[in-house]
Amino acid sequence: MIVPMKKVSLIIMGNKKEETLKKLRKLGIVHIEITEGSGERLCELRDKLALLESAVFAIGKNKKAEQKDINAEKALSVAADIACLDEEKKQCQSQKIALNTELERLKSWGNVDPSSICELASKGINLSFYEMSKTEYQDLPDSVKTVRLYENKSSVKFMVLSSAFEDDEEIISRLGSYCLKLPQMSTEQMRQKISELSARIDAIDAQIASYICYAESIKGAIRSFEKEIEFETYATGMANEELSPDSNQSVSVAYFKGYIEAENLDRLKETAANNSWGLVVQEPCQEDNVPTKLKNNKFVSLIYPLTDFLGTVPGYFEYDISGWFLAFILIFFGIIFGDGGYGLLICAVAAIPVIRSLIIKKPISPTFLLVGLFGLSTILWGTLTCTWFGLSPEQLPHWLQSLSIPLISNVYADKIWYPFWTNGAAGLTTAQNLQIFCFSLALLQLTVAHIKGAVRNKGRVKMLGDIGSILQLLGIYYLVLSLVVNAEVFSFGLVIAGVPVGTVAIALIAVGFVLSFVFSNYEGSIIKSILSSLKNIVSVLLGVVNVFSDIVSYIRLWAVGLAGAAISATVNELAGPLLGNFMFMIFAIILLVFGHGLNMILNILSVIVHGIRLNTLEFSSHLDMSWSGHKFKPFIEETDYKGESL
């Protein structure tokens, strides 16, 4: 559930900002809505934080070392030293790149020493070096005397005495673009300099790595400064009003807005009364940027590591779908992975940290419990479909085959199932049964979305719009079965027990559309609701098409699962013949581990791309959810890295 919030406005004396904030931080129940602060101290704190963060980044993931405890001031000093070293390293790297570029430019000229050329110039012998194509070289006038240094199929390198044509501007202009620009130092000196720079870079890296023993203290200092910045932001970001009864006395009041859990309101009222704060309490409205706090039981809360990873937070006025999210993502995960053998591996991976936590008597991370649930879901689906490590059913024990459900089991992949109403005239394959299962999941999940909408609008006329959407879903579901799965089995002329199923489906779509059209925008007037729908007639009509595409979209579960099964079977086929030969057995094992490992990685990506999408897009769009919320973060007193109150 989404915890109910109250909007509060606190009014205090302008000279008691810091005192008030310290008391609020100690109370730790108010989410303060101030996004910007100002002042020199705030800028100074941010600069220090940036320095500390750059130090942590520079240290990187060097090998672990025994940590040394230092205070924040010493941490800043260490960070400054690291920053200086890092800046010197960047300069060395820049110089090294420039020298390597220069060496690459001069590579074809061999060893170049500009000092010897300058020495000749001091004696009146001015030499210039050029490189041009053979054709252009041959077109040079006879007056230009050259010494050919090197020649290949396309170009010529040569040397000339500059004084030979120093008065001929035409030749000077013609040769200018081909002249070799001499370097500042010889190529040998460049190589020596590069060697020195490389040695210095290595020395700097070693020196920076030596500071790894202060890493935890620096990270602790970062947390300390983050809290100081938060405090200073709130202190300087409060709105301030001057109340000056006369010119000789300045009186001001400060105020800010925040949010608090409804159950903690009495505590705030008591604190406000004891400290003579002005307190205004209001109900949040749609225009307010209300933070969201979710509160669920321990099982449903297992989904939080995933939603935190995705950064998805429902808006305060939206739905908490944590339970439904968890239920459906477990199903989607199992279908996409689809292999009970993979499920066993996932459970084994999750079991190791869980058992370790139990042994050392530490709380078990919800992440590993969630991974374990994913593994169990995969095992269950693999059992129901008789899919284990990509092996064919004939290679599996009979008892495993007997645990599967015939309609969707690989054991009966070649069998045709004849529904009772077809009288053996038309049947369904196992693949089509799996498609029907996916579309049924779509019907279930999307119906849940509109039921939640109907419950929210319970007792209001607008509820008829949600009922209309449910009727459309039912009708379009049959339409999908007919158009996508099997038009003969699910024909529009189908009659079961005297009920014309196809006609009923069309009627449900029509009635549902009318109800949705008339009542989905109802806000006290049916005429206004109809006019609103007419204004958006294109979107309303596309909405029907979207329902069809949303249901069909769930076929991705079957398709991705089928692709994964094909990959695992192919890996087995490639490795199978090699396992019979002792010389190639190791290669076969490597192939199996690599192939199935790669398949599992691809399946994880598929869950993120497809499984999560069905929850956050298709399901959420039918709930009119945009995931526009942000987390409730109360201004709370914490301890710094040395255990002292901040």
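Hydrogens, waters and symmetry mates play no part in the numbers below; they use all other heavy atoms, side chains included.
Residue pairs meeting the salt bridge (Lys or Arg N to Asp or Glu O under 4.0 Å) criterion with at least one member in residues 511-523, sequence neighbours excluded: Lys462-Glu523. Under the side-chain hydrogen bond (donor to acceptor under 3.5 Å, both in side chains) criterion, the residue pairs touching residues 560-572 are Asn572-His596, with sequence neighbours excluded. The side-chain hydrogen bond (donor to acceptor under 3.5 Å, both in side chains) analysis of residues 530-547, with sequence neighbours excluded, yields the pairs Asn521-Ser533. Screening residues 420-444 for side-chain hydrogen bond (donor to acceptor under 3.5 Å, both in side chains), with sequence neighbours left out, gives Ser440-Tyr477.
Take Val3 and apply the side-chain contact (heavy atoms from CB on, under 4.5 Å) test, not counting sequence neighbours, and it matches Glu261, Lys293, Lys295. Annotation: side-chain contact (heavy atoms from CB on, under 4.5 Å) contacts of Leu369 (sequence neighbours excluded): Leu302, Val354, Ile364. For Lys633, there are no side chain to side chain donor-acceptor pair (under 3.5 Å) partners two or more places apart in sequence or in a different chain. Among residues two or more places apart in sequence or in another chain, the ring pair (Phe, Tyr, Trp, His ring centres under 6.0 Å) test is passed with Tyr412 by none. Every residue two or more places apart in sequence or in another chain that forms a side chain to side chain donor-acceptor pair (under 3.5 Å) with Asn615 is listed here: Gln445. Judged as a ring pair (Phe, Tyr, Trp, His ring centres under 6.0 Å), and not counting sequence neighbours, the contacts of Tyr234 are Phe635.
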Check: residues 374-385 side-chain donor-acceptor pairs under 3.5 Å, at least two apart:
{"residue": "Ser377", "atom": "OG", "partner": "Leu330", "partner atom": "O", "Å": "2.4"}
{"residue": "Thr378", "atom": "OG1", "partner": "Phe374", "partner atom": "O", "Å": "2.8"}
{"residue": "Thr383", "atom": "OG1", "partner": "Ile379", "partner atom": "O", "Å": "2.8"}
{"residue": "Thr385", "atom": "OG1", "partner": "Trp381", "partner atom": "O", "Å": "2.8"}
{"residue": "Thr385", "atom": "OG1", "partner": "Thr387", "partner atom": "OG1", "Å": "3.0"}

Between side-chain atoms of residues 490-519 and protein atoms elsewhere (two or more places apart, or another chain), which donor-acceptor pairs fall under 3.5 Å?
{"residue": "Ser491", "atom": "OG", "partner": "Leu494", "partner atom": "N", "Å": "3.3"}

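A salt bridge between Arg223 and Glu226 is absent, with no side-chain N of the basic residue lying under 4.0 Å from a carboxylate O of the acidic one. Of the charged side-chain nitrogens involved, none lies within less than 4.0 Å of a carboxylate oxygen, so that Lys458 and Asp466 do not count as a salt-bridged pair.
A cation-pi contact, defined as under 6.0 Å to the ring centre and within 45° of the axis, links Arg456 to Tyr319.
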